[in-house]
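Let me begin by presenting the structure, written as structure tokens, before commenting on it.
Below, read A as the first sequence line, B as the second, and so on, with proteins coming before strands; counting in each chain starts at 1.
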Amino acid sequence: MSRKLLLNNVHVEGIHTYDVYRKNGGYTAVEKALKSMTPEEVVEEVKKSGLRGRGGAGFPTGMKWSFIAKPEGVPRHFLCNADESEPGTFKDRYLMEKIPHLLIEGMILSSFALGCEQSYIYIRGEYMYVLRILEKAIAEAYQNGWLGKNIKGSGFNLDLAVSPGAGAYICGEETALIESLEGKRGNPRMKPPFPAIQGLWQRPTVVNNVETICAIVPIVNEGGDAYAGIGIGRSTGTKLISAGGNINKPGVYEIEMGITVEEFIYGDQYCGGIKNGKKLKACVPGGSSVPILPHYLVCKTAEGTDRLMSYESLAEGGFATGSMLGSGGFIVYDEDQCIVRNTWNFSRFYHHESCGQCSPCREGTGWMEKVLHRLEYGHGKMEDIDLLWDIQRKIEGNTICPLGDAAAWPVAAAIRHFREEFEWHVKEPNACMTRNYGLVTEKIFEKVNA
Amino acid sequence: MSEQIQQIKVTIDDQTIMVDPGTTILSAARQIGGNVVPPAMCFYSSLKGSGGKCRTCLVEVAAGSEKDPRPMPKLVASCSTTVMDGMIVKNKSSERVLDARKGVVELLLINHPLDCPVCDQAGECSLQDLAFEHGASHSRYEFERREFDKIDIGEYIKLHMTRCILCYRCVYTANQLTNKREHGVLKRGDAAEIGTFIENSLDNEFIGNVIDVCPVGALTDKTFRFRSRVWYTKPMDATCNCGKCSGNAVVWMIGDEIARVTARKDKYGEVKEFICNDCRFNKKELSDWKIEGPRHIDRHSVISANHYEKAAPIHTPLLNKA
Ligand SMILES: Cc1cc2nc3c(=O)[nH]c(=O)nc-3n(C[C@H](O)[C@H](O)[C@H](O)COP(=O)(O)O)c2cc1C
Ligand code: SF4
Ligand code: SF4
Ligand code: FES
């Protein structure tokens, strides 16, 4: 049984309430930090832990924290990114819904470490019921003296509020989130300046993902070294994976970094194998933005070694034969799924969610969606496949924020690995219309034995 | 020269220049001038916050600085990237840049109506110039183009959103003029549109300048719409006594009549002195203006094809009679 650091108490009855949370060891990390640690020491532990941002980019959290500017007399802000809108990802919701006090405790620790006295949780508008859970928990934390002025006599003050967005994926991008929190249109800002220098109201700001912030709690409780002892290489600690698609047991799993992908998909404690005894066709291991992997590259790398659930191993082979851990939205496709349809679905999402600021993303996402729609519905041409390739190439790397890349990568990877299926859609328009699934031939499984 | 600022060195397409620290690549390129200047569709020197959006000004940074000569992995927006000492930039000398720029032009055009024959901006349109220089001669886009209804923004301005490239210049102009947030962007992605919070007219005395900052034919002057192709009119520098603005403008003449009035644009299409609505929309009589002489127009388009101002001084006594 693998170790759990975040979800260890998730099944305790009433853990969402303050009393039960406290009885099960809650707020001891805050107690410890406020009594016996300086803010710098907390940052030091986070650095030692090797924790990397769980929002998608995997940037080392300790390093990010050490970049925050500290000009005299200027308040700093700590923000929690609870916008969770990446298709396939639903772990933050689970954390906030089940153990809201874990996030609050992590917010207190992080704000203390960074010297912030006003922190916000920015939550997507669709999570309104989660917002109510959080607000209730925050009220309990205030009542019990964990928030407010002079917390537990330490001299540290912290106010915490939840602020809902209006339901835009782009507001999960940290600078768009800041704009939105300021009450403006959620357009990403140009960087530099980075939020660590000029963020919310032009003040130094750090934005972290819900899961990242929750992980601060065990790091402070047990020490950065203990956390770094779990996992593999530069992928330390545990990671929540939102598993979905054609598997027997979809859900949120906390894994130790470094277990094999094979164990994760087929193991009984995790996904429990492909549903209905079907074959694995493909997998998107880190949320809709990351490249899709064909079945022969899911459990093994191109080199033939075991693929592991870690930042490094999932990325092995670069975009040619690898993917990314991303936000941990793990989507599994069985042999009946249509890759063209899936790619169209993703690109429809990015088209809908582009903020429209920069021309390549605004225009390119819509064009890709239209071409993919045409292919999926049997009106495509052979040239469309190259056209798609060309459009995604024109978007990638040429935009203000990474949404452009996120729209381009899934299209590129689908064409790279499933070109034959795209071609089949052009050659057999009737079959692809009536059967509504991909290249249902054994051919797509040949490469495994080759 | 009492205070010497330590200038820094930057090389763009093999031409080297010393500039002040904090200068952007685009501005350094403009100081060199000529072919090394990247096109800029959204940046506008006098509009705070502008730039970074259209991506036509992308350049390649082949060496970041003297200290750290590594190249930058991605192309960068030259209008919003500041130069470092010893930076080496490639604009037209980079295949990558030309390819990306061609891509941006293609994408900017997929939803553009291509109605130049009936568009007032034709001849002085930045998108037209850009497409001419960097575009492909035919479009691979085979779907319906985005369309919007035309909207009157107040008495004098027409918004034809279908032609808009969402450069946000007009938004920043309005932001700079008023703090009422009247003129923003509604919706997102390719459904985004310039809104004035439901056709509220913008009644600021300088709002007519949005027409001049608009790089395309999305915002046009209703007092001039469909009167003439711009290249049939003769631009003359003119001044008037105006209590609100400097009164320095350009009047565009058809014969002895003033067809329209605009602010004075530099060779990058930027207005340095905004003019007021009164000068722009209401002073259409010769007697309102003192004509200084023919306006030199720099753009590479049909409107400067005549080069008439280089010919023998034209006959202006009639014009200045007033
Ligand atoms: C389009 C876009 C959407 C994003 N959405 C989210 C999100 O919903 N939640 C999140 O935590 N990070 C999201 N991110 C990443 C954030 O910009 C940021 O990197 C992250 O919140 C940093 O936290 P971390 O260092 O703890 O991962 C998004 C990024 C982009 C470009
Ligand atoms: S890449 Fe897309 S979402 Fe990001 S700023 Fe540009 S238009 Fe907006
Ligand atoms: S109306 Fe003109 S100035 Fe305004 S955003 Fe559109 S193209 Fe730019
Ligand atoms: S001018 Fe630089 S991005 Fe538009």
Rounded to the nearest 0.5 Å, what's the gap from [atom1] on [X] to [atom2] on [Y]? Could you check?
X: T399(A); Y: K74(B); atom1: OG1; atom2: NZ; answer: 6.0 Å
X: K53(B); Y: M190(A); atom1: NZ; atom2: CE; answer: 5.5 Å
X: L107(B); Y: S359(A); atom1: CG; atom2: OG; answer: 7.5 Å

Under 6.0 Å from the [atom1] atom of [X], do we count more than 12 heavy atoms belonging to anything else shown?
X: K158(B); atom1: NZ; result: yes
X: K184(A); atom1: NZ; result: yes
X: D149(B); atom1: CG; result: no
X: M161(B); atom1: CE; result: yes
X: R234(A); atom1: CZ; result: no
X: K9(B); atom1: NZ; result: no

Partner chain A: residue of A192(B), P73(B), G103(B) with the largest heavy-atom pair count (under 4.5 Å):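 Answer, by heavy-atom pair count under 4.5 Å with chain A: G103(B).
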Apply side-chain contact (heavy atoms from CB on, under 4.5 Å) to residues R188(B) and R362(A) and explain how you reach the verdict. CA-CA 9 Å; R188(B) 66 180 179 229; R362(A) 175 183 67 241; over 6 Å; no
What's the verdict on side-chain contact (heavy atoms from CB on, under 4.5 Å) for D99(B) and K394(A), showing C-alpha distance, side-chain angles and the deciding distance? CA-CA 8 Å; D99(B) 184 51; K394(A) 296 280 161 67; 3.8 Å; yes
I'd like to know which of R393(A), R189(A), H352(A), K370(A) tops the heavy-atom pair count under 4.5 Å against chain B.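 Going by pairs under 4.5 Å, I would pick K370(A).
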Shortest non-hydrogen separation from C54(B) to P360(A) and the atoms involved: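 The answer is O-CD, 4.3 Å.
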Specify the closest pair of heavy atoms between A100(B) and N398(A), including all atoms of both residues, with the distance to one decimal. CB-ND2, 3.8 Å
With heavy-atom distances below 4.5 Å as the criterion, would you say the side chains of Q357(A) and V185(B) are in contact? no
Only one of I165(B), L166(B), I110(B), V104(B) clears side chain to side chain contact (heavy atoms under 4.5 Å, CB included) with E363(A); which? I110(B)
Is there a side-chain contact (heavy atoms from CB on, under 4.5 Å) between E106(B) and W367(A)? Walk through the geometry before answering. CA-CA 11 Å; E106(B) 180 173 28; W367(A) 194 3; 3.4 Å; yes
Decide side-chain contact (heavy atoms from CB on, under 4.5 Å) for V171(B) and R185(A); before the verdict, give the C-alpha distance in whole Å, the side-chain angles of both, and the deciding distance to 0.1 Å. CA-CA 13 Å; V171(B) 177; R185(A) 180 183 164 85; over 6 Å; no
Are R140(B) and E383(A) close enough for a salt bridge, meaning some N to O gap below 4.0 Å? no
Which bit of F143(B) is near chain A, if near means a heavy-atom gap under 4.5 Å: side chain, backbone, both or neither?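 Looking at F143(B), just its side chain touches chain A.
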Chain B heavy atoms under 4.5 Å from K381(A): which part of the residue, side chain, backbone, both or neither? side chain
